[in-house]
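All values below come from the heavy atoms of this structure, side chains included, with hydrogens, waters and symmetry mates left out. Indexing begins at 1, ligand by ligand and atom by atom, following the structure's order. From a predicted model like this one, the values you see are computed outputs, not experimental measurements.
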Amino acid sequence: MKIRLGPDGVHLFDRQTGLNVLLDEVQPAERSWSAAPRQVSIAVTNACNLACSYCYAPKHRAALEKSQLLRWIDELDEAGALGIGFGGGEPTLYRHLPEVCAHAASNTDLAVTMTTHGLRWNADLISRLRGTVNFVRVSVDGVGSTYERLRGRSFTQLRAALEAIAGTFRWGMNTVINEDTVGDLDAIVAVAAEHGASELLLLPEQRTASTAGASKGTLRVLQNWVSAYTGPVRLAASAEAELGVPTADALPRETGLRSYAHIDASGTARTSSYAPSGIRVGDSVIAAFEQLARMEAA
Ligand code: SF4
């Protein structure tokens, strides 16, 4: 198991099973806390072959340089990060993805996760990623005609992809909650359960420069649905989600950049993928996060 020291204690993590153990009787000295964020999301490319209206990914062409990305991954591992999550854009359009995942699997103890629309996971890609990705997050916004209207792709095609992914990887479903999808929540859970998802991550649509975000009425419907939920798939929510129910926070003192950071496809470190500004990462990703922390504190 990987060991991470932080303000909440000694954190043990097994990337194969996702098991977390926190020894909170132990209080490591601050100088020994792991320097890296616990989890880092990395947008490897801005490219995507879909055009969802609520997409907030940058639209200019950008992709990370492979050798630099591999160095950052090694540094994050050595500095105590527990996981990296590849996204985009659509990460499967990044041509170095299999090599990068293989490097992380064999040279580090990091858990590798991936957020994907799932539609490119054919037998060839699955065989190239097998054994190197610990958890796949598939974005499924609505079912049937809702999905097809929002994503412009066949729901039958998605179902086939879910079947293929579930046959090889542990996986969870990500759902953006907005006026279009909130009425599909029961059906979304049914599809997730049918394909063996271990988690449904609820992501209320965020307001961006081009989208209004989920309305108050939609958020109220979501809160009521969550309060009454007794379904078979575990629910999780984004940090920004206000679900109106108590949520567990096992690491309450590991906040901000100690907990999470994002690197965009242009190589800029940010506090989140929505953050308006950031710090360009050079040779050292940890140095960039430290500079970002000072900028945030100023
Ligand atoms: S699949 Fe994701 S990255 Fe692609 S357009 Fe839709 S929201 Fe954006």
Smallest separation among heavy atoms of P7 and Q27, with atom names: O-OE1, 3.3 Å
Residue selection (non-hydrogen contact nearest atom 8 (Fe) of ligand 1) among S139, P58, C55: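 Among S139, P58, C55, the closest heavy atom to atom 8 (Fe) of ligand 1 comes from C55.
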Close approach of G88 to ligand 1, heavy atoms, under 4.0 angstrom: no
For atom 1 (S) of ligand 1, closest protein heavy-atom neighbour: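 Heavy-atom neighbour on the protein nearest atom 1 (S) of ligand 1: R151 NH1, 3.3 Å.
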Atom 6 (Fe) of ligand 1 - nearest protein heavy atom and its distance: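 The protein heavy atom lying closest is C52 SG, 2.4 Å.
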N, O or S atom of C48 closer to atom 4 (Fe) of ligand 1 than 2.8 Å: yes
Sole residue of L110, V100, D77 in side-chain contact (heavy atoms from CB on, under 4.5 Å) with I84: L110
salt_bridge(E99, K66) N-O dist < 4.0 Å: yes
Atoms of ligand 1, numbered as shown, that sit under 4.0 Å from any heavy atom of L50: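 Near L50, the atoms of ligand 1 are 1 (S), 5 (S).
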Parallel, tilted or perpendicular, as decided by the 30° and 60° cut-offs, for the rings of F13 and H11: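 H11 and F13: perpendicular rings.
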Parallel, tilted or perpendicular, as decided by the 30° and 60° cut-offs, for the rings of W121 and F169: perpendicular
